[in-house]
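Every number for a ligand or one of its atoms is a count from 1 in the order of the listing. Numbers here simply count residues along the sequence, with the first being 1.
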Amino acid sequence: MDFLELLKNRRSVRSFENRKVPLQLLHAIIHEACFAPSAMNQQPWRFIIIQNTDLMKRISDENKKNMLLEIQNNPASLLKPYETIFKTNHFNIFYNASSLILICGKRHFSLHEDCSLAAAYLMFSATEKHLATCWIGFGVTIIDPELRAEIGLTDDLEIVAPIAIGYPTSIPECPKRSAPVILKELIS
Ligand SMILES: Cc1cc2nc3c(=O)[nH]c(=O)nc-3n(C[C@H](O)[C@H](O)[C@H](O)COP(=O)(O)O)c2cc1C
């Protein structure tokens with residue numbers, strides 16, 4: 001796959017086959033994600049691999065519950081348009097993918113930037129291996145202490161990028177991109 005093909009083939013996929021990704025393949029993808037740059041080469045990213053669909057469903061439910069609370073407390077919340085789907089029992093925020101990788105780390109001045117780059121590399125690596133991914137921003141709010149303990153999310157760890165990953169049933173078309181907005185060209 002050449003670079004442009006890779007860019008075009010990486011799509012957010014929301015429909016997955018009911019097929020497990022070999023753990024070795026996930027390790028290879030995570031290894032490649034770590035080629036991402038990071039501020040002062042600190043590499044603050046950490047990875048939690050989850051391949052248990054019951055646990056993923058409970059993490060989905062926990063996030064839905066917390067997002068509904070957020071909407072209740074703040075009706076102007078940007079989450080408000082999603083209220084109905086969060087109330088839908090069978091809606092799984094991870095779209096029933098077979099695997100979930102939580103990219104997280106200890107609070108650090110560039111944690112978000114560094115983990116986001118690792119997430120991008122991870123999604124490209126997965127694409128190159130004919131897997132599909134979706135970054136699930138809805139998946140960052142795990143508060144329940146028992147669930148956090150079960151996942152290994154100690155209090156000092158923050159989730160930056162939950163990535164659903166699996167074999168796609170199909171690859172959607174690229175959603176339309178706006179033309180780049182170049183504010184200025186300062187050429188001497
Ligand atoms: C930070 C971030 C959070 C996202 N959160 C979600 C999410 O919670 N659920 C979802 O279905 N897609 C989510 N997406 C995927 C975007 O909707 C998707 O990238 C966008 O529609 C463009 O589609 P493409 O990835 O196929 O280019 C997220 C993407 C990013 C970068």
Review point. Any luck finding a side-chain donor-acceptor pair between Glu62 and Asn66 under 3.5 Å?
Key: yes
Review point. Should you measure from each heavy atom of Tyr95, which atoms of ligand 1 turn up under 4.0 Å away?
Key: 9 (N), 10 (C), 11 (O)
Point to revise | Nearest-neighbour protein heavy atom for atom 23 (O) of ligand 1, which is reported as residue plus atom name and distance | key: Pro175 CG, 3.4 Å
Practice item. Answer yes or no: does atom CG of Asn52 have more than 12 heavy-atom neighbours from other residues, nucleotides or ligands under 6.0 Å? Key: yes
Practice item. Would you mind finding which of Arg11, Arg177, Arg14 brings a heavy atom closest to atom 21 (O) of ligand 1? Key: Arg14
**Study point:** Heavy-atom donor-acceptor pair, Gln51 side chain to Val21 backbone, under 3.5 Å
**Key:** yes
Exercise for review: Would you confirm whether any non-hydrogen atom of the protein falls under 4.0 Å from atom 10 (C) of ligand 1?
Suggested key: yes
Exercise for review: Using heavy-atom distances, let me know which of Tyr82, Phe138, Trp135 sits nearest atom 14 (N) of ligand 1.
Suggested key: Trp135
Check your understanding: If you count the atoms of ligand 1 from 1 in the order shown, which ones are under 4.0 Å from a heavy atom of Gly137?
Key -> 3 (C), 4 (C), 5 (N), 6 (C), 7 (C), 8 (O)
Check your understanding: Counting heavy atoms only, which part of Glu173 comes closer than 4.0 Å to ligand 1: side chain, backbone, both or neither?
Key -> neither
Review point. Salt bridge check: are Lys65 and Asp61 linked by an N-O gap of less than 4.0 Å?
Key: no
Check your understanding: Mind checking whether Leu157 and Leu102 have side chains closer than 4.5 Å, heavy atoms only?
Key -> no
Exercise for review: Please check if the side chain of Asp114 supplies one atom and the backbone of Pro44 the other of a donor-acceptor pair under 3.5 Å.
Suggested key: no
Exercise for review: Examine the proximity of ligand 1 to Ser12 and report which part, side chain or backbone, both or neither, has a heavy atom under 4.0 Å away.
Suggested key: both
**Study point:** Per-residue contact class, Cys134 against ligand 1 - non-hydrogen pairs under 4.0 Å
**Key:** side chain
Review point. Between Met56 and Leu153, is there a shared hydrophobic cluster once you connect ILVMFWY residues whose side-chain heavy atoms come closer than 4.5 Å?
Key: yes
